[in-house]
Peer 1: 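Okay, handing you the structure first.
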Amino acid sequence: MRFNFELTEQNPDSSSRNSVTPTEDILWVPLQNHPLFTSPTSTSPEGDATPQSPSNLLAWDGTSRLYYWDSNLRCLHRISIRLGDPEPSKVLAASPSKVLQTDVEISFEVNKISINRNGSALFLSGAYGLCVMYLYGRSSSKDDSIICRTVSIGSQIYFNGRNLIHVRKVSWHPYSDTHLGILSSDSVFRLFDLSSDVLQPEQEYYLQPVEPGRSRNAASICPVDFSFGGDHLWDKFSVFMLFSDGSVYILCPIVPFKSVYKWESVLEIYSDAEMFGLKSGNPVAVNNSNLAIFWLEATFPELAHESKEGELSTLRAHPYAIFDASLCLQGPLRKVCHGVEDEDLAVRGAECEGHAVSFLYDLASKDSILVTAWSGGQLQIDALSDEIQPVWTVGSPPRLRVNSHDHILGLAMLCESISGELPVVKLDNPHDHTVWLGHPPPLLRLAIVDLALPGKTESGSHISMFADPLMPERIYSVHDGGIDSIVLHFLPFTSQSSGKDETVRSPSVHPVLSTCQVENSTPSPLCGFIALSDSFGYSWIAVTTSNKECVVLEMKTLNLLVPVHVDMKKESASSEEWTNRNPPDFISKELLSGPKVVLVPQGSPNLRSVAADSIEGRSTLHQYLNLFHENYVEYAHKVYFELEHHGPQLKKIVDDQHARLAEAQEKLSKVVKKQSGLENRVNHAMHRHNLLEQRLHCLRNLPGVHKKPLSKAERELKSELGQFTRVELDALRASIDTLRARLGRFRESSKGDAPNQHRKIAGRNNVLDAQISQLKSSLTKLSLVNSDNTKKVKLVESALKNQEISR
């Protein structure tokens, strides 16, 4: 439940231009019924062509503001929302929305927007441009809108005239409000600090996943996506890189300058390095932990002052880089083995179809979940089976950019993978064989989910993934066919720490929204997706389509992770089911067995001749009456009492049986009514079956049908050719464009810097000569002073000897 703090003007006729709020009265309507999404759409300037890349034009600041980019008007709409107010299942939006305009013209098509942590800036990303829009601007005098300052990011690197370097992924850093991470097609990961420089990156990491000349395929050097780590040990300093062949690499540690971290989390990894690294018996582990401790103390100098431990709650990162070492590109991450027979599976290639298209890092409790989406429509879900540790390559110094006071302003380094074959990690390996040895953490395969996407195109399916902000075990996948929800029911480290002996359960997949209502539907109609949540445990998803339609769905979070256990041995505890299965004995067995059989006493043989009014006859009759009263009259009283006592219960059972009988008769009547429809459907199915048989018969008579099927080797060759056509050629083209861009930049820089370099060299030579002459003169002076001192020392020694002799 959220509260809106948008204040309207008290006087609608006021001509004040300083107000940034609409002069109309605010009307709260459901988000899906907002006039922004229900108004008729106009044709976009680019035409009706659907973009090939997935787009997301929705953003949420985490509190009460929703942002939507209008591709037709090229403006940003800010919508104030209320979550769960007044009803928990509704999302209300303020109408009209506030319009935010850029102060420069946006000449490219925007396909993604994203907001930073504090809600002060939002980036607009497209295939031909990237800019950041600051959301607090000035009001416009022409219309009731806000003009926001907008700056272009890395225009000299990415978006030059030929546009040879393409941006693969843009993302805000989770621990900074001003740092933007960008992965480009030239295999370079860059961090930009918007507070200092928007054209030149603060940090550059040139990725070298394989040794030069040893790449077996182009897809292994073509980056696709990246993701920052979560708040877990060294994960917070890690960046995960995904390449087109599905291989995942890790860069650790990467810290934006002046970013803020919690004191407890940094102290935890600092103590871990001292405890398990320095005290290890392996010299490699000791060396790696020493580098990590040295880096932590230099990046966070407060760690060396234990006296300030209770005074600090956060730490600010200082610019630092090890002068003779660069980060190691850890990977590719491999599957963990269960035995000798699984060693081949650990180093085997991709198990999914197509090429990798997107990547997601999700921190669920104590588990780091890695999800890779493939163009064939599969999701590969893995968990890190070990902790991430920083690794450096000693002997590869980085390039630093410093100011006049020798303070680091930026850095660049070449990140190479470990040469040679990595050891295969097994589950039965001892703890000392894996900690601080520089090995990348292995992967524990949780599941491979096939989304069964319809109508796969030649280039494959575009899949983007998001984690639920309220329940991290749930992952949303947005694709051409709609939205699916994947819920993870088994987390290895979380289950182990909780002490539960849970069985491995496969994740459950639930379709949330389908966009393929007809067979020939428009591909990728969704252009916006956002997951909303409040502090009361309610969760929603908001989706916008290319026709400016909005859909809001409430997502249930309760009982999704509770496993359903069915015990067939135990009977149900429900009283009604127990009554229906085993009805109780309302009449005792003693009464149902009848009266007791009592033997009649034998009388005299002449009993028939005895008169009834005689003494002997009366005594005989009295005896028989006592026996009858004892056996039959008392039994009749017991039966009457039982029937009177259990009559209401018996009546209830009879009424229940009558009701069930009436319900059964009603169902039978419905079946009789539907029988004609079922017969028609069966006849129609038989008719379709006959038509299909006729078509199959005609197809069998076509020429070329009786050709032999492809053999196994031919099928493997065909799949390899298809893989090369779809993946390798694209990767080779991207590599060629990247090399051309680098060559052009090198030629331009070499032409412009040639005369300057000659001048610098000449100036440096003059400076060196002057310094050498000064050094020579100083050396001569020092030699003279040294000789004078030696003479004085000798005189003092001779005087002391003379004094000793005289004594």
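We use all heavy atoms of the structure for the numbers below, so side chains are in, but hydrogens, waters and symmetry mates are not.
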Peer 1: Evaluate the side-chain contact (heavy atoms from CB on, under 4.5 Å) criterion for residues Leu296 and Ile269: first the C-alpha distance (whole Å), next the side-chain angles of each, then the deciding distance (0.1 Å), finally the verdict.
Peer 2: CA-CA 9 Å; Leu296 285 172; Ile269 59 177; 4.1 Å; yes
Peer 1: For a quick test of reading the model, state the closest non-hydrogen atom pair linking Ile408 to Tyr320 and the distance between them.
Peer 2: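 Smallest interatomic distance, heavy atoms only, reads CD1-CA, 4.0 Å.
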Peer 1: I'd like to know whether Phe192 forms a side-chain contact (heavy atoms from CB on, under 4.5 Å) with Glu202, so could you lay out the CA-CA distance, the side-chain angles of the two residues, the decisive distance to 0.1 Å, and finally the verdict.
Peer 2: CA-CA 5 Å; Phe192 285 84; Glu202 177 188 87; over 6 Å; no
Peer 1: Are the aromatic rings of Phe243 and Tyr249 close, with centres under 6.0 Å apart?
Peer 2: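 Here the rings of Tyr249 and Phe243 have centres that are less than 6.0 Å from each other.
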Peer 1: When you check the side-chain N and O atoms of Gln203 and Tyr205, is any donor under 3.5 Å from an acceptor?
Peer 2: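 Result is yes, a qualifying pair exists.
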Peer 1: Looking just at side-chain N and O atoms, do Asn290 and Asn288 make a donor-acceptor pair shorter than 3.5 Å?
Peer 2: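 On atom types as modelled, these side chains do not qualify, holding no pair under 3.5 Å.
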Peer 1: Any side-chain heavy atom of Leu251 within less than 4.5 Å of one from Ser238?
Peer 2: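 The answer is no, as the side chains (C-beta and beyond) never meet within the 4.5 Å cut-off.
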Peer 1: Pairing donors with acceptors under 3.5 angstrom, does anything connect the side chains of Arg190 and Ser184?
Peer 2: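 There is such a pair (donor and acceptor under 3.5 Å, judged by atom type) between the side chains of Arg190 and Ser184.
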Peer 1: Do you know which two heavy atoms are closest between Val170 and Ser125, and how far apart they sit?
Peer 2: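 That would be CG2-OG, 4.1 Å.
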Peer 1: Does Arg399 have more than 12 heavy atoms from other residues, nucleotides or ligands lying within 6.0 Å of its CZ?
Peer 2: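 Atom CZ in Arg399 is not packed in, count stays at 12 or less.
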Peer 1: Just wondering, do Val371 and Ile475 contact through their side chains at under 4.5 Å, heavy atoms?
Peer 2: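 Yes. Closest side-chain heavy atoms under 4.5 Å.
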Peer 1: Do you know which of Lys335, Arg334, Arg445 makes salt bridge (charged side-chain N to carboxylate O under 4.0 Å, His left out) with Asp382?
Peer 2: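 The residue from Lys335, Arg334, Arg445 that satisfies salt bridge (charged side-chain N to carboxylate O under 4.0 Å, His left out) with Asp382 turns out to be Arg445.
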Peer 1: If you round to the nearest 0.5 Å, how far is OG of Ser176 from CG of Asp193?
Peer 2: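 Here the interatomic distance stands at 6.5 Å.
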Peer 1: Indicate yes or no: at least one non-hydrogen side-chain atom of Ile182 is less than 4.5 angstrom from one of Leu130.
Peer 2: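 They are in contact (side-chain heavy atoms under 4.5 Å apart), so the answer is yes.
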Peer 1: Once rounded to the nearest 0.5 Å, what's the spacing between atom CG of Leu446 and atom CG of Leu491?
Peer 2: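 It comes to 7.5 Å.
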Peer 1: What's the shortest heavy-atom distance between Trp172 and Ser114, and which atoms?
Peer 2: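 That would be NE1-O, 3.1 Å.
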Peer 1: Considering only heavy atoms from C-beta outward, does the side chain of Val255 approach that of Trp295 to under 4.5 Å?
Peer 2: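 Heavy-atom side-chain distance check passes, below 4.5 Å.
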Peer 1: What's the separation between atom CZ in Phe466 and atom OG in Ser358, rounded to the nearest 0.5 Å?
Peer 2: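 It comes to 9.5 Å.
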Peer 1: Measuring from atom CG of Leu443 to atom CD1 of Ile369, what distance do you get when rounded to the nearest 0.5 angstrom?
Peer 2: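 The CD1 atom of Ile369 is 10.5 Å from CG of Leu443, to the nearest 0.5 Å.
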Peer 1: Does the side chain of Val132 come within less than 4.5 Å of Val198's, by heavy atoms?
Peer 2: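 Not in contact.
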Peer 1: Distance-only, no hydrogens or angles: does the Trp374 side chain make a donor-acceptor pair with backbone N or O of Gln380 under 3.5 Å?
Peer 2: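 Side chain of Trp374 to backbone of Gln380: no pair is present.
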Peer 1: Sub-3.5 Å donor-acceptor pair from the side chain of Asn287 to the main-chain atoms of Leu291, do we have one?
Peer 2: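 Pair absent, no side-chain N/O of Asn287 close to backbone of Leu291.
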Peer 1: Hey, could you give me the NZ/CG distance between Lys112 and Leu124, rounded to the nearest 0.5 Å?
Peer 2: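 It is 12.0 Å, given to the nearest 0.5 Å.
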Peer 1: I'd like to know whether Phe108 forms a side-chain contact (heavy atoms from CB on, under 4.5 Å) with Ile106, so could you lay out the CA-CA distance, the side-chain angles of the two residues, the decisive distance to 0.1 Å, and finally the verdict.
Peer 2: CA-CA 6 Å; Phe108 59 91; Ile106 302 298; 3.9 Å; yes
Peer 1: Are the side chains of His173 and Arg117 in contact, using a 4.5 Å heavy-atom criterion?
Peer 2: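 In short, these two side chains do not touch, never coming nearer than 4.5 Å.
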Peer 1: Taking the side chain as everything from C-beta on, heavy atoms only, tell me whether Met413 gets closer than 4.5 Å to Leu327.
Peer 2: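 SC-SC contact between Met413 and Leu327 confirmed.
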Peer 1: Do Ile388 and Ile250 have side-chain heavy atoms sitting under 4.5 Å apart?
Peer 2: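 A side-chain contact exists here, since the closest heavy-atom pair is under 4.5 Å.
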Peer 1: Under 3.5 Å, is there a donor-acceptor pair between the side chain of Ser271 and the main chain of Glu268?
Peer 2: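 Checked: no pair found.
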Peer 1: Can you give the donor-acceptor pairs under 3.5 Å from side chains of residues 221-235 to other protein atoms, not counting sequence neighbours?
Peer 2:
from   : atom 1 : to     : atom 2 : distance (Å)
Asp225 : OD1    : Lys169 : NZ     : 3.0
Asp225 : OD2    : Phe359 : N      : 2.9
His232 : NE2    : Glu387 : OE1    : 3.0
His232 : NE2    : Glu387 : OE2    : 3.4
Asp235 : OD2    : Tyr361 : OH     : 2.7
Asp235 : OD2    : Ser368 : OG     : 2.7

Peer 1: For Leu194, is there any backbone N or O sitting under 3.5 Å from a side-chain donor or acceptor partner on Thr178?
Peer 2: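 The answer is no, because no donor-acceptor pair under 3.5 Å joins these two groups.
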Peer 1: Kindly indicate, with the supporting measurements, whether the criterion side-chain contact (heavy atoms from CB on, under 4.5 Å) is fulfilled by Trp263 and Leu303.
Peer 2: CA-CA 9 Å; Trp263 166 267; Leu303 289 174; 4.2 Å; yes
Peer 1: Kindly give the heavy-atom pair with the smallest separation between His355 and Ser244, and that separation in Å.
Peer 2: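 Looking at all heavy atoms of both residues, the shortest contact is CB-O, 3.5 Å.
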